[in-house]
Amino acid sequence: MMMMIRGMWKSRELFFSFLVLATFQLAVSDEHQPLSKVAIHETTLALDERAYIKATPNVLGLTGQNTEWVTLQYSNPKPTVEDWIGVFSPANFSASTCPAENTRVDPPFLCSAPIKYQYANFSSTSYKTTGKGSLKLQLINQRSDFSFALFTGGLTSPKLVAVSNKVSFINPNAPLYPRLAQGKTWNEMTVTWTSGYGISEAEPFVEWGPKGGNHVKSPAGTLTFDRNTMCGAPARTVGWRDPGYTHTSFLKELWPNREYIYKLGHRLFNGTVIWSEEYQFKASPFPGQNSLQRVVIFGDMGKAEADGSNEFNNYQPGSLNTTKQIIKDLKDVDIVFHIGDLCYASGYLSQWDQFTAQIEPIASTVPYMTASGNHERDWPGTGSFYGTMDSGGECGVPSQTMFYVPAENREKFWYSTDYGMFRFCIANTELDWRKGSEQYKFIENCLASVDRQKQPWLIFLAHRVLGYSSADFYVAEGSFEEPMGREDLQYLWQKYKVDIAMYGHVHNYERTCPVYENICTSKEKHNYKGPLNGTIHLVVGGGGASLADFAPINTRWSIFKDHDFGFVKLTAFDQSNLLLEYKKSSDGEVYDSFRISREYRDILACTVDNCPPTTLAS
């Protein structure tokens with residue numbers, strides 16, 4: 001690698017052409033994505049024979065693990081406090097990998113962003129004076145090799161000083177990071193995973209069966225996407241990284257509540273089978289089954305690095321805590337909903353692998369259902385309801401490919417799913433939801449078609465706040481919601497007696513009274529008995545991304561606010577008793593809760609705007 005870079009730099013003419021960057025499409029700066037702070041396209045070469053960076057071990061995953069720590073030793077004869085180390089994958093990150101944006105102008109010296117970075121003095125406080133340091137970084141298997149580069153000049157004017165040896169997992173193509181999701185019927189579970197094996201190299205499948213029973217093999221479909229399907233920078237420029245292959249298998253005709261074992265497989269065409277480790281899950285209950293059922297819901301978690309790298313501006317400090325608390329409680333969790341803003345890759349595609357690795361202990365064990373958020377979908381001129389650049393040019397492609405949802409059209413990403421006594425209606429706030437739209441018709445059908453005698457708990461989920469929020473930016477608009485949010489939908493919530501509506505997008509926690517048209521329909525705050533006569537709205541966007549402030553104003557409908565990271569847990573004890581708990585990610589303790597206790601006749605009871613027509617005929 002070092003000789004190749006030196007050879008590229010010998011030509012003085014080439015040196016000047018590397019500096020001509022006017023036509024190169026730059027990355028979109030995103031306050032939520034620390035990699036956007038690295039001006040990799042501005043890199044110049046400053047190789048010094050006295051500088052070095054060495055990585056050990058060279059081969060990772062020898063005992064089958066897909067996560068491993070690497071130790072770096074490095075030296076720079078001219079150290080500064082702005083020196084930093086970038087992790088690159090694939091290991092060859094030179095100009096030879098840059099696509100030609102303009103045939104008359106050479107590409108920049110570097111055009112691939114690092115997958116993570118850390119300052120050289122992070123764990124070596126004497127680096128500034130000695131020029132020597134060491135650092136431990138955590139790597140996950142991401143279908144390619146890795147190299148490490150030492151830069152001076154800070155993040156905005158990087159100068160490449162030294163490049164390390166290559167490091168690789170023993171099988172970069174291995175099947176990894178399974179994600180369970182409910183299928184389109186109650187007795188179907190889908191398994192989605194990532195690998196480096198295309199359909200011309202191997203046949204993907206899942207071997208599965210009940211605990212102690214016979215196992216069968218079910219085939220999997222394979223999807224991928226390329227740079228041209230990205231809608232803009234940085235996703236199709238410095239943030240692009242080959243996503244590998246996404247495989248999905250459909251496990252059908254499951255017995256309710258039964259525990260199943262499964263493992264992922266790829267049959268190579270020479271007859272060899274590559275296996276994953278073994279996992280297990282519990283099949284969903286029959287719709288209407290009267291039993292204990294537990295649901296975790298949150299939004300905006302993102303990903304974070306266990307080694308402390310990539311931190312910028314207090315970026316997603318709660319993400320790891322939220323993940324750890326759910327894993328700790330996993331034996332008492334049946335299904336998880338992550339309602340938008342999944343990993344905040346924002347056009348840096350390497351982050352999707354790191355996110356699926358982070359949630360693997362959860363998603364491989366219980367269904368991990370997702371919703372679309374602005375950081376997955378929004379991009380100008382692509383049909384998104386909002387014309388922002390929040391997706392970093394992804395325009396929904398990675399999330400729609402890498403996570404299965406039981407939608408009729410995964411590009412639209414709205415769907416319903418049943419879990420025992422629950423009916424969940426998941427909206428897509430990044431597409432039009434207003435009256436007369438296709439999504440509005442879906443929402444009404446989802447709410448209207450549930451049998452409340454068998455599934456009494458009706459829950460509406462969406463990313464942006466379509467109900468009520470005291471976030472400062474909503475209050476500044478005078479809306480206390482996403483503009484046009486509840487104007488049309490509140491009639492449907494009231495007509496079909498939605499119990500609870502939950503949203504992300506605002507990075508905090510807030511709970512309302514049962515409310516309709518800004519008016520509380522109950523004075524109770526914690527123990528609701530009988531008809532609610534309105535819908536309880538919750539903001540649960542404190543999964544991990546940097547917290548959002550409340551406005552200094554108190555409304556009558558806002559019962560509880562918390563400016564901290566956390567998640568919500570719903571527990572249905574039976575068809576008459578439901579408990580909601582808000583838990584902080586820092587300690588897993590309950591800081592807010594309420595109960596609903598009622599009978600079926602309470603659901604049938606009529607109130608404002610939900611009474612069916614009657615007649616005096618006898």
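Worth saying up front: this structure is predicted, and the values here are computed from it rather than measured.
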So, for [X] and [Y], which heavy atoms are closest and what is the spacing to 0.1 Å?
| X | Y | answer |
| --- | --- | --- |
| Gly61 | Glu68 | N-OE1, 2.8 Å |
| Ile297 | Met502 | CD1-CE, 3.6 Å |
| Asp574 | Met421 | C-SD, 3.3 Å |
| Cys446 | Phe424 | SG-O, 4.0 Å |
| Ser195 | Asn173 | CB-O, 3.5 Å |
| Phe269 | Glu203 | CE2-CG, 3.9 Å |

Are more than 12 heavy atoms from other residues, nucleotides or ligands located less than 6.0 Å from atom [atom1] of [X]?
| X | atom1 | value |
| --- | --- | --- |
| Leu223 | CG | yes |
| Trp255 | CH2 | no |
| Tyr491 | OH | no |
| Asn214 | CG | no |

Got [X] and [Y] here, is their nearest side-chain heavy-atom distance under 4.5 Å?
| X | Y | answer |
| --- | --- | --- |
| Asn141 | Pro172 | yes |
| Phe298 | His338 | yes |
| Glu438 | Lys412 | yes |
| Asp451 | Arg423 | no |
| Tyr440 | Leu489 | yes |
| Val450 | Tyr496 | no |
| Ile274 | Tyr197 | yes |
| Val540 | Phe337 | no |

Under 3.5 Å, side chain of [X] to main-chain N/O of [Y], donor-acceptor pair present?
| X | Y | result |
| --- | --- | --- |
| Asn508 | Ala548 | yes |
| Thr356 | Trp352 | yes |
| Asp300 | Asp341 | no |
| Lys303 | Ile359 | no |
| Gln354 | Ile140 | no |
| Glu394 | Gly347 | yes |
| Arg227 | Arg236 | yes |
| Gln325 | Thr322 | no |
| Arg143 | Asp242 | yes |
| Thr429 | Ala462 | no |

Do [Y] and [X] have ring centroids that are under 6.0 Å from one another?
| X | Y | answer |
| --- | --- | --- |
| Trp193 | Phe205 | no |
| Phe594 | Tyr528 | yes |
| Tyr503 | His463 | no |

Any side-chain donor near an acceptor of the partner, Ser89 and Gln142, under 3.5 Å: no
Ser372-Glu430 side chain donor-acceptor pair, cut-off 3.5 Å: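 No.
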Distance in Å, Cys425 SG paired with Ile459 CD1, rounded so as to fall on 0.5 Å steps: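 Atom-to-atom, Cys425:SG and Ile459:CD1 are 9.5 Å apart.
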Check against side chain to side chain contact (heavy atoms under 4.5 Å, CB included), Trp457 and Gln293: CA-CA 11 Å; Trp457 309 117; Gln293 295 155 17; over 6 Å; no
Member of Thr512, Val568, Val465 meeting the side-chain contact (heavy atoms from CB on, under 4.5 Å) criterion with Val539: Val465
Salt bridge check, [Y] against [X]: does any charged N sit closer than 4.0 Å to a carboxylate O?
| X | Y | value |
| --- | --- | --- |
| Lys454 | Asp418 | no |
| Arg511 | Asp592 | yes |
| Arg241 | Asp353 | yes |
| Asp329 | Lys569 | yes |
| Arg452 | Asp499 | yes |

Glu487 vs Lys435, salt bridge (Lys or Arg N to Asp or Glu O under 4.0 Å): CA-CA, chis, key distance, verdict: CA-CA 9 Å; Glu487 278 66 18; Lys435 190 172 184 178; over 6 Å; no
Partner set under side-chain hydrogen bond (donor to acceptor under 3.5 Å, both in side chains) for Lys184, not counting sequence neighbours: none
Residues Phe385, Arg434; criterion side chain to side chain contact (heavy atoms under 4.5 Å, CB included); working and verdict: CA-CA 11 Å; Phe385 192 54; Arg434 294 170 300 175; 3.6 Å; yes
Verdict with reasoning, Tyr262 to Ser364, per side chain to side chain contact (heavy atoms under 4.5 Å, CB included): CA-CA 10 Å; Tyr262 72 98; Ser364 64; 3.6 Å; yes
Test log, rule side chain to side chain contact (heavy atoms under 4.5 Å, CB included), inputs Met189 and Trp208: CA-CA 11 Å; Met189 188 73 75; Trp208 64 284; over 6 Å; no
